[in-house]
S.K.: 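I'd like to ask you about the structure that follows.
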Protein chains: 2
Amino acid sequence: MSVGSAQTTTRNIILRETATLFAMDGYAGVSMRDIANAAGITPAALYHHFRDKSELYRATMAYAFGSKMSDLPSIVLGEAPIEERFTGFVLWFCRLMATDVIYARLMQREMLDGDDDRLYFLTEEVFREPFKQTMVMMEEIAPKGDAHQLSMFVFGLIFGYFAFSPTRRLQTGFRPEHDDPEKVARDVSQLVLHGLKAFAGMEAAAQ
Amino acid sequence: MSVGSAQTTTRNIILRETATLFAMDGYAGVSMRDIANAAGITPAALYHHFRDKSELYRATMAYAFGSKMSDLPSIVLGEAPIEERFTGFVLWFCRLMATDVIYARLMQREMLDGDDDRLYFLTEEVFREPFKQTMVMMEEIAPKGDAHQLSMFVFGLIFGYFAFSPTRRLQTGFRPEHDDPEKVARDVSQLVLHGLKAFAGMEAAAQ
DNA sequence: GTCTATACGCGGATAGAC
DNA sequence: GTCTATCCGCGTATAGAC
């Protein structure tokens with residue numbers, strides 16, 4: 001559930017609370033009164049820190065998404081064999097999606113409701129680097145494949161799997177271990193690493 | 001963009017409009033005035049057809065999700081070899097996600113905002129059958145694998161890939177064909193069919 | 001089945017005191 | 001930097017005529 005950085009200025013308290021509120025109820029579902037309440041101040045005080053609701057929302061995204069990706073490079077870059085680095089990446093992303101509900105939900109909401117500017121921010125500031133690094137791995141594993149698309153398959157698979165959780169838990173055959181990021185990461189890695197061999201030699205030949 | 005059935009009763013006109021509105025802006029983002037406007041009636045008239053906003057929302061879900069899955073069985077059941085049936089299923093789901101924006105967005109929103117009842121409805125009335133059929137295919141392709149989880153990987157992959165579209169289109173290496181359900185389906189099928197061979201003989205052995 | 005009229009609380013936002 | 005007080009339009013919802 002952890003989101004953003006540490007300092008306990010009023011501004012940061014507000015942002016920490018809004019991250020949770022916006023993640024749970026969405027932009028339109030949260031009022032400035034709700035936020036003020038959660039932060040322990042009055043609505044009027046909010047406007048001392050942020051011009052209006054939409055600026056507060058944007059600040060919340062910057063706060064919530066900031067520096068989440070920082071531990072990734074050490075996993076992906078390095079001397080280890082590609083399979084190991086890839087598996088490490090998958091595990092990292094599975095853990096993020098499974099553990100940080102706020103983060104995962106905000107991502108989902110931005111995909112649905114983000115305007116051009118916010119999607120640009122998300123693309124550039126949040127996904128650009130991890131995505132590039134994933135593409136590099138894809139090129140190494142499946143040199144003749146479409147690195148962009150294959151990387152998106154990986155992101156999509158993990159993102160989608162956990163986004164489906166609410167109904168997945170009610171579905172035939174569900175067991176609690178299906179929520180366990182360690183297990184999911186293992187099986188995703190296995191499926192993808194094996195599957196990518198189909199793209200190692202030639203582009204979309206099978207059908 | 002097509003949603004739901006045909007008859008042009010007022011009730012159906014309302015539901016058709018609300019499906020679009022709720023899909024685009026979410027429950028809290030749409031007012032009864034908006035809906036009345038779109039349907040060409042006054043807000044008061046809405047309450048002749050639906051008790052309140054939340055009943056209207058539930059009716060919209062039932063309308064939007066109703067009978068979308070009907071053409072699936074003929075694809076999945078049949079005499080064709082399993083690879084072909086699986087590919088057919090993947091193509092069907094890719095087309096649904098890529099073509100029917102309303103449907104895809106409502107699904108995403110329900111994952112985020114659905115209460116217990118609505119998630120139960122989604123699970124039972126929308127996903128139960130297609131999911132079961134996918135599990136059957138998984139058991140045939142990867143007898144020793146975890147059919148529930150592998151099926152969810154497939155749903156998650158396709159769902160997640162298209163849910164990512166807004167930022168995917170801004171990402172390094174994007175080309176328009178990455179939005180083409182036919183191409184995506186081909187490559188997803190190839191990746192998964194090949195990857196599943198890793199699960200054909202034993203459960204999660206590789207790592 | 002749809003209208004006009006209306007109730008009334010909640011929404012975002014501001015003024016100005018402390 | 002936070003408060004109290006307040007503005008005003010929009011939110012859901014209803015009453016009752018046609």
Side-chain angles (χ1 to χ4, degrees), chain A residues 4-64 106 109-110 112-115 117-118, chain B residues 4-64 106 109-110 112-115 117-118:
Chain A
S5 53
Q7 249 187 310
T8 57
T9 61
T10 302
R11 191 187 147 93
N12 276 349
I13 292 172
I14 295 170
L15 290 174
R16 184 157 36 81
E17 295 300 327
T18 49
T20 306
L21 288 171
F22 283 138
M24 299 316 290
D25 299 329
Y27 183 81
V30 176
S31 72
M32 294 299 267
R33 287 166 158 88
D34 293 336
I35 295 167
N37 234 339
I41 54 176
T42 58
L46 283 177
Y47 290 87
H48 175 77
H49 299 276
F50 304 94
R51 186 195 313 263
D52 55 22
K53 190 184 176 185
S54 83
E55 193 198 288
L56 171 51
Y57 187 80
R58 303 178 72 88
T60 304
M61 293 307 107
Y63 174 85
L106 287 176
R109 295 209 182 272
E110 284 299 272
L112 283 168
D113 299 324
D115 58 28
D117 281 7
R118 270 153 51 195
Chain B
S5 51
Q7 246 187 310
T8 57
T9 61
T10 303
R11 191 187 147 94
N12 277 348
I13 293 172
I14 295 169
L15 291 173
R16 185 157 37 81
E17 296 300 328
T18 49
T20 306
L21 288 171
F22 283 138
M24 299 316 290
D25 299 330
Y27 183 81
V30 176
S31 73
M32 295 299 266
R33 290 195 224 265
D34 293 336
I35 295 167
N37 235 336
I41 55 175
T42 59
L46 282 177
Y47 290 87
H48 175 78
H49 300 276
F50 305 94
R51 186 194 314 262
D52 56 22
K53 189 183 175 184
S54 83
E55 193 198 288
L56 171 51
Y57 187 79
R58 303 178 71 88
T60 304
M61 295 305 109
Y63 174 86
L106 287 176
R109 295 210 182 273
E110 283 301 271
L112 282 168
D113 299 325
D115 58 28
D117 281 6
R118 271 154 49 195

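Nothing here was measured: the structure is a model prediction, and the numbers come from that model. Sequence lines set the chain letters: A, B, ... in the order given, protein chains first and strands last, and positions in each chain run from 1.
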S.K.: Find the distance L46(A):CG to dG11(C):C1' and express it as a whole number of Å.
M.R.: 14 Å
S.K.: Using whole Å, report how far CD1 of I41(B) lies from P of dT2(C).
M.R.: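 Result: 6 Å.
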S.K.: May I have the distance from Y57(B) (atom OH) to dT12(D) (atom P), rounded to whole angstrom?
M.R.: 14 Å
S.K.: Round to a whole Å and report the spacing from CE of M32(B) to C1' of dT6(C).
M.R.: 17 Å
S.K.: Which of the following nucleotides, dA13(C), dA15(D), dT2(D), is nearest to the side chain of D52(A)?
M.R.: dA13(C)
S.K.: What is the separation between atom CZ on R51(B) and atom P on dT12(D), rounded to the nearest whole Å?
M.R.: 17 Å
S.K.: Within the pair R33(B) and dT12(D), is there a side-chain N or O less than 4.0 Å away from OP1 or OP2?
M.R.: no
S.K.: Just the rounded figure in Å: distance from P of dT14(C) to CD of E55(A).
M.R.: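 Interatomic distance, CD of E55(A) to P of dT14(C): 12 Å.
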S.K.: Taking only the side-chain heavy atoms of K53(A) (C-beta and beyond), determine which of dT14(C), dA13(D), dA13(C) contains the nearest atom.
M.R.: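 Within the option list, the nearest is dA13(C).
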S.K.: At 4.0 Å (heavy atoms only), tell me whether S31(A) reaches a base, stays on the sugar-phosphate, or touches nothing.
M.R.: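 Contact class for S31(A): sugar-phosphate only.
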S.K.: Looking at H48(A), I'd like to know whether one of its side-chain N or O atoms comes within less than 4.0 Å of OP1 or OP2 on dG1(D).
M.R.: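 For dG1(D), OP1/OP2 do have a side-chain N/O of H48(A) under 4.0 Å.
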S.K.: With respect to the phosphate group of dT4(C), does any side-chain polar atom (N or O) of T42(B) fall under 4.0 Å of OP1 or OP2?
M.R.: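 For dT4(C), OP1/OP2 do not have a side-chain N/O of T42(B) under 4.0 Å.
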S.K.: Measure from the side chain of H49(A), starting at C-beta and using heavy atoms only, and say which of dT2(D), dG1(C), dT12(D) lies closest.
M.R.: dT2(D)
S.K.: Of all heavy-atom pairs between F50(A) and A59(A), which one has the smallest distance, and what is that distance?
M.R.: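 Between these two residues, the closest heavy atoms are CE2-CB, 3.7 Å.
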S.K.: To check you understand the geometry: which heavy-atom pair defines the closest contact between H49(B) and R11(B), and what is its length?
M.R.: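 What the structure gives for the nearest pair is O-NH1, 4.0 Å.
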S.K.: In whole Å, I'd like the distance from the CZ atom of F50(A) to the P atom of dG12(C).
M.R.: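 Rounded to whole Å, this separation is 15 Å.
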S.K.: State the CG-OG1 distance between L46(A) and T18(A), to the nearest 0.5 angstrom.
M.R.: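 Reported to 0.5 Å precision, the distance equals 9.0 Å.
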S.K.: Kindly say if Y47(A) contacts the phosphate of dT14(C), meaning a side-chain N or O under 4.0 Å from OP1 or OP2.
M.R.: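 The answer is no; no side-chain N or O of Y47(A) sits under 4.0 Å from OP1 or OP2.
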S.K.: Can you tell which of dA5(D), dT2(D), dT2(C) lies closest to the side chain of A44(A)?
M.R.: dA5(D)
S.K.: With rounding to the nearest 0.5 angstrom, report the CZ to CG distance, R16(A) to N12(A).
M.R.: 8.0 Å
S.K.: Rounding to an integer number of Å, can you tell me how far N37(A) CG sits from dT2(D) P?
M.R.: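 Between P of dT2(D) and CG of N37(A): 15 Å.
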S.K.: Measuring from atom CD1 of I14(A) to atom OG1 of T9(A), what distance do you get when rounded to the nearest 0.5 angstrom?
M.R.: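 If I round to the nearest 0.5 Å, the distance is 8.0 Å.
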